[in-house]
Engineer: 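This structure is in structure tokens; I'll ask about it shortly.
In what follows, chains carry the letters A, B, and so on, assigned in the order in which the sequence lines appear, proteins first and then strands, with residues in each chain numbered from 1.
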Amino acid sequence: MGRKYLIYYAIAHAEFRFPELQSISELFGFQVSLPDSEEDRDPTRPFMIVELDEDRHARLLAQRCILVKAIYELLGEGVTYEQLHASTKSNKSIWDKYQQNSFRFEVTAVNHTIPSERKVKIMEDFEYMEFQGPITLADASVVLTYFEEYPIKHTLRKRTEGDGDFDRAFFGRLIEEGACRSLKHKFDVKQRVYYGNTTMDAEISLLMANQALAAPGKLIYDPYCGTGSMLFTSAFFGAMVFGSDIDGRQMRGKNLNPPGIFQSADQYGVLNRILDCCTFDITRNPFRTGGILDAIVSDPPYGVRAGAKRLGRAKERPVPRAPLETYENTTSYVRKPYELGDLTADLVLLARYLLRPGGRLVWFLPTASEEYQDVDIPVCEGMELVANSEQNFGKWGRRLITMRKSTNCPEYPPPSFDPAYRMAELGDQATAPSGHRGFREKYFAGFKKIGDSSN
Amino acid sequence: MVRLITHNLLACHVRGCTTNNFPLAFKDVEIQLREAEFNQDFLRGFLPKLEWRALVDTAKSLNDQSLPDTPPAPEQMDTEFLKALHHVLLEIHVEEGAMVCANCGHVYPISNGIPNMLLQEHEL
């Protein structure tokens, strides 16, 4: 039977909460039992009670989960003040071993401010715990925290209004504060020495590294690495990372030596974990073999800020048999647009080739919110869906898709990146209309329905 | 950058160039040696995917003779061997120069540690 722990969550990215919890517990190989009732699992609320085997697991969650603010050992809970104290008293066997420790008491609330007079009274009401150790504010060995959770009131009001009228109250012993705050600050794009206009924000790139189960001894690849934001967070968690991009200028920066992507890596102390960065088009890739990667993490270009391109000429015309003289030492390569529907299908097929069995593909799929359906996610034999979380921006959103290559599957051949292969592997899905096919056109048309001429 | 582990994964991919297109030969290289974290699990996990002959020959072409001509069996890999492998795979960085295909002669230039593996229109 596990012990109860209280997780205090940041109110952001609700749909990412469970996938992250699942990924981190899988990465370190332990179980997390979620509460039974739907209401107690509500990911838009700041608190959730889970069962874990030991404190160490709680610490691991706090250290890796980006959405976790802190984790406490649960000592009491209730929907009324009396209930909370009754529950705390009944849990005496959990807390009586700390009676002689140095300790500190915190009283706080979510969506509310408890007036200081009542704060003092609340602390005094816990007198029955008979804690006799010294009270130390700076480095107490036990930190006891009392929380009240209030409903969100979308009106202007005094922070102390409706005091005591809370939904739930919790009381716990702090196990560990989440590393999320400091990591978000550490990877803040604005503090980075080199970044571009498509650089992924810190929080999401950390979340993606978690979904990829980034850890020492692993090799992780981003085929659309751009300025490298995905590489840095995975490398920070100990993985070796490899990046490629069709546009070498994104990686290099203008007249930068060493290239910008290496300068940023150096800033984070992970330069040695960047295996390499190469300029190539993923549809014309030089990989000698597949089955080499533990994860692919990528935010593919979806044509709004950066247009997706692949090598080749858009319009058919006779191909010169030899390079034109002027090609020597220039960087002009013919490119053609790469439709997002084709790109995503190819990405999944490429992942199936390059990943080891059990390896993960973590990527963002932008979609028009009204048109999205679950069948939009390209699936093929050998790749299974693990998680699908939406970040909604109104008329469009992007979905963080986590897939896994099946563990007992044959070796797959390299994809050929042409319509026939997509059709053979994905069937109708290869060409079916979806919330992401033609995303660029939809975006710039303001996501109006075809034939809708209003405004 | 361009470490030998990367080099061991890259083959010439010019259209029609499908035989003798691996390994690419280093040319006019400028090399830096930089320390990397030693991780046994990473090395052991990657070993089955390496083309050993190509790795040994390439290391020799860069004046590193530390690897045996055939890799030892997994249970006989001692720390000394793994350290040598670690050094060859991860600590030798080709910063400038080129990689050349022995079959078709395509030159993949390396500048500031980033190789350019793009192809021209007639090679697609």
Engineer: At a heavy-atom separation under 4.5 Å, does Pro216(A) approach chain B through its side chain, its backbone, both, or neither?
Structural biologist: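 Contact with chain B is through both the backbone and side chain of Pro216(A).
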Engineer: Taking Phe287(A), Phe242(A), Phe262(A) one by one, which has the highest count of heavy-atom pairs under 4.5 Å against chain B?
Structural biologist: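 Of Phe287(A), Phe242(A), Phe262(A), Phe262(A) has the most heavy-atom pairs under 4.5 Å with chain B.
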Engineer: Considering only heavy atoms, which portion of Leu90(B) lies under 4.5 Å from any heavy atom of chain A: side chain, backbone, both, or neither?
Structural biologist: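 Contact with chain A: side chain only.
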Engineer: Tell me the closest heavy-atom pair linking Cys278(A) and Pro115(B), and the distance in Å.
Structural biologist: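 Taking Cys278(A) first and Pro115(B) second, the nearest heavy atoms are SG-CG, 3.5 Å.
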Engineer: Which one wins on heavy-atom pair count under 4.5 Å against chain A: Glu37(B), Arg44(B), Arg34(B)?
Structural biologist: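 Max contact count across the listed options: Glu37(B).
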Engineer: State, to 0.1 Å, how close Met251(A) and Ile114(B) come at their nearest heavy-atom pair, and which atoms those are.
Structural biologist: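 Nearest pair, atom of Met251(A) first, then Ile114(B): CB-CD1, 4.1 Å.
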Engineer: Sort out for me which of Arg252(A), Met240(A), Arg273(A) touches chain B most, counting heavy-atom pairs under 4.5 Å.
Structural biologist: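 Among Arg252(A), Met240(A), Arg273(A), the one with the most close pairs to chain B is Arg252(A).
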Engineer: Only counting residues at least two apart or in another chain, list the ones meeting side-chain hydrogen bond (donor to acceptor under 3.5 Å, both in side chains) with Asp222(A).
Structural biologist: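 Testing Asp222(A) for side-chain hydrogen bond (donor to acceptor under 3.5 Å, both in side chains), a comparison that skips the adjacent residues, returns Ser298(A).
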Engineer: Mark yes when over 12 heavy atoms from residues, nucleotides or ligands other than Glu26(A) sit less than 6.0 Å from its CD; otherwise mark no.
Structural biologist: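 Above 12, so yes.
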Engineer: Under 4.5 Å heavy-atom distance to chain A, tell me which part of Ile5(B) shows up: side chain, backbone, both or neither.
Structural biologist: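 When you check distances to chain A, only side chain atoms of Ile5(B) fall under 4.5 Å.
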Engineer: Please report the shortest heavy-atom distance between Ile274(A) and Arg3(B), naming the atom on each side.
Structural biologist: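 Minimum heavy-atom separation between Ile274(A) and Arg3(B): O-NH2, 2.6 Å.
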Engineer: Just wondering, more than 12 heavy atoms not from Lys336(A) lying within 6.0 Å of its NZ?
Structural biologist: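 Buried by this count: over 12 neighbours within 6.0 Å.
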Engineer: Which heavy-atom pair separates Leu256(A) from Asn112(B) by the least distance, and what is that distance?
Structural biologist: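 Taking Leu256(A) first and Asn112(B) second, the nearest heavy atoms are O-ND2, 4.2 Å.
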Engineer: Residue by residue, scan residues 97-104 of chain B and write down, ordered by number, those that have a heavy-atom distance under 4.5 Å to chain A; if none do, write 'none'.
Structural biologist: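 Expected list: none.
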Engineer: Pick whichever of Ile292(A), Asp294(A), Thr289(A), Asp281(A) has the most heavy-atom pairs under 4.5 Å with chain B.
Structural biologist: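 Of the candidates given, the most pairs with chain B belong to Ile292(A).
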Engineer: Most heavy-atom pairs under 4.5 angstrom with chain A, which of Asp41(B), Ile110(B), Leu9(B)?
Structural biologist: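 Most heavy-atom pairs within the cutoff with chain A belong to Leu9(B).
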Engineer: Between Asn116(B) and Tyr333(A), is there a side-chain heavy-atom distance shorter than 4.5 Å?
Structural biologist: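 The answer is yes, as the side chains (C-beta and beyond) meet within the 4.5 Å cut-off.
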Engineer: Using distance only, find each side-chain donor-acceptor pair of residues 78-88 of chain B under 3.5 Å and give its atom names and separation, not counting sequence neighbours.
Structural biologist:
unit_1	atom_1	unit_2	atom_2	d
Asp78(B)	OD1	Phe81(B)	N	3.0
His86(B)	NE2	Ala36(B)	O	3.1
His86(B)	NE2	Glu91(B)	OE2	3.2
His87(B)	ND1	Glu91(B)	OE1	2.9

Engineer: Checking heavy atoms, do the side chain of Asn285(A), its backbone, both or neither come under 4.5 Å from chain B?
Structural biologist: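 Just its backbone gets close to chain B.
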Engineer: Of all the residues in residues 45-58 of chain B, which have a heavy atom that comes within less than 4.5 Å of a heavy atom in chain A?
Structural biologist: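 Those residues of residues 45-58 of chain B which have a heavy atom under 4.5 Å from chain A are Gly45(B), Phe46(B), Lys49(B), Leu50(B), Glu51(B).
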Engineer: Given that the side chain runs from C-beta out, which part of Ile246(A) has a heavy atom under 4.5 Å from chain B: side chain, backbone, both or neither?
Structural biologist: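 Contact with chain B: backbone and side chain both.
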Engineer: Out of Leu311(A), Asn272(A), Asp276(A), return the one with the most heavy atom pairs under 4.5 angstrom to chain B.
Structural biologist: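 Heavy-atom pair counts peak at Asp276(A).
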Engineer: State, yes or no, whether a side-chain contact exists between Met1(B) and Leu271(A) at a heavy-atom distance under 4.5 Å.
Structural biologist: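 A side-chain contact under 4.5 Å exists here.
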Engineer: Given side chains that start at C-beta, do those of Met117(B) and Arg284(A) come closer than 4.5 Å, heavy atoms only?
Structural biologist: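 Contact flag for Met117(B)/Arg284(A) side chains = no.
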Engineer: Do Arg288(A) and Asn8(B) have side-chain N/O donor and acceptor atoms under 3.5 Å apart?
Structural biologist: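 Arg288(A) vs Asn8(B): donor-acceptor pair found between side chains.
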